[in-house]
Number of protein chains: 2
Amino acid sequence: MNETLEDVTTIFTDFLAKKNLRMTNQRNLILKMFLSTEKHVSSDDLYSLIRKQDNTIGQATVYRTLKLLAEAEIATIVEFGDGVARYEHIYLHQHHDHLICEGCNIHIEVVDDDIERLQVRLAKKYGFTLTSHKMYLYGKCEKCQNISSL
Amino acid sequence: MNETLEDVTTIFTDFLAKKNLRMTNQRNLILKMFLSTEKHVSSDDLYSLIRKQDNTIGQATVYRTLKLLAEAEIATIVEFGDGVARYEHIYLHQHHDHLICEGCNIHIEVVDDDIERLQVRLAKKYGFTLTSHKMYLYGKCEKCQNISSL
DNA sequence: CTTTTTATTGTAAAATCTTATCAATATATT
DNA sequence: AATATATTGATAAGATTTTACAATAAAAAG
């Protein structure tokens, strides 16, 4: 997981080619901006960012491209439950799960190898092979535990 | 976790009372229908079910009541990532996670005590106390593994 | 190079899901 | 009963996402 922008662009271009789709200036720019973000961006977030560089781009194009990036497995969807689809990129960014404080809403990205192993075992028990997973842990961080005990 | 419909109705009524809200015929019916469902229902699913019994009920009331049920911790939201909020009830139904086949979309409800334990441990590592979690495992079931290997 | 075919784009309309508004009604309180 | 408060259904409004379509750009064919 140490790909450069060029590498990922090639991956996306190849993905597009396989589906008889074309790499365009718009798609290129959207990918570049998307990879330059940290954390989770909604289509609208990304649209705003891109408009600063090119205000001729259409919002629908951003939606369409993010869907393609998810299909190409360059982006994954993260759902916070507010009805907005957010995306994060896999490159320059490892797999992780989410630890979320219900008090202050802070998000911490976590990974636990033991859990990952047990997930595979659990799936196997049902005859499944695992390709991915999403795990969200909700609770209270240290600060908010104290606050709520007042 | 062996409450009857009456028990849950009382729980909901008490919850409402605490918030200066009232138990009404509509809320009663919605709760009853909701508890009679298995699996995950969207507000719209439930609305269709209820209309068969009472076609004077409004869609907004179903939305409103499901939100209240979630607040009362009688229902929890499940997100499948298609932009539709689905609810499942906790009573007559234990906590579980989700094993989902990407081939045929079958959903299996699973629980693994070891994983549950490790989740608590992981949260503790960051000073968190856990209140709940959501885990979705995506993969291929036995059948679909064979199909996709053709 | 042209010509022709195919994919892509931006705009705007439409679709979808959810929330807010509001007058009429039902429930609780006095 | 009279008054106050909450609830309802219908509908409008909001928000997010998708679709339709004519104009444009890119690729393939000649």
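Please read these numbers as outputs of a predicted model, since none were measured by experiment. Atoms considered below: every heavy atom in the structure, side chains included; atoms not considered: hydrogens, waters and symmetry mates.
For A:Lys18, there are no salt bridge (charged side-chain N to carboxylate O under 4.0 Å, His left out) partners at least two apart in sequence or on another chain.
A donor atom on one side chain and an acceptor atom on the other are found under 3.5 Å apart for A:Glu102 and B:Thr131. Using a 3.5 Å distance cut-off with no hydrogens or angles, the side chains of B:Asp44 and B:Gln59 do pair a donor with an acceptor.
If B:Asn25 and A:Thr65 are placed on DNA chain C by their nearest nucleotide, the residue sitting closer to the 5' end is A:Thr65. Place B:Asn55 and B:Arg22 on DNA chain D by their nearest nucleotides, and B:Arg22 ends up nearer the 5' end. The nearest heavy atom of DNA chain C to A:Gly58 and to B:Gln59 marks one nucleotide each, and the one closer to the 5' end goes with A:Gly58.
Using a 4.0 Å heavy-atom cutoff across all strands shown, A:Lys19 reaches no nucleic acid atom at all. B:Ser42 comes within 4.0 angstrom of no nucleic acid atom, judged by non-hydrogen atoms across all strands. At a threshold of 4.0 angstrom between heavy atoms, the contacts of B:Asn20 are confined to the sugar-phosphate backbone, with no base atom among them. The residue B:Arg64 sits close to a base: some heavy atom pair falls under 4.0 Å.
If you run side-chain contact (heavy atoms from CB on, under 4.5 Å) between A:Thr9 and each of A:Met23, A:Lys32, A:Arg27, only A:Met23 comes through.
An OP1 or OP2 oxygen of C:dG10 is reached within less than 4.0 angstrom by a side-chain nitrogen or oxygen of A:Thr61. Look at B:Lys67 and you'll find a side-chain N or O under 4.0 angstrom from OP1 or OP2 of C:dT19.
If you take CG of B:Asp45 and C1' of C:dC17, they are 13 Å apart, rounded to a whole angstrom. Between B:Gln26 atom CD and C:dT25 atom P the separation is 14 Å, expressed in whole Å. A:Leu16 places its CG atom 10 Å from the P atom of C:dT9, with the value rounded to the nearest Å. Rounded to an integer number of Å, the gap from CG of A:Asn28 to C1' of C:dT9 is 15 Å. Rounded to an integer number of Å, the gap from A:Ile50 CD1 to C:dT9 P is 12 Å. Distance B:Ile57 CD1 to C:dT25 P: 17 Å, rounded to the nearest Å.
For the residue pair A:Gln145 and A:Lys140, the shortest heavy atom distance occurs at NE2-O, 3.0 Å. Looking at every heavy atom in both residues, B:Met33 comes nearest to B:Ile50 through CG-CG1, 3.6 Å.
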> Going through the checks in order, is the ring-ring contact (aromatic ring centres under 6.0 Å, His included) test met by B:His89 and B:Phe34?
Replying inline: CA-CA 7 Å; B:His89 50 85; B:Phe34 177 56; 5.4 Å; yes

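Boundaries of the chain A contact region on DNA chain D are D:dT16 to D:dA27, first to last in 5' to 3' order (nucleotide atom under 4.0 Å from a heavy atom).
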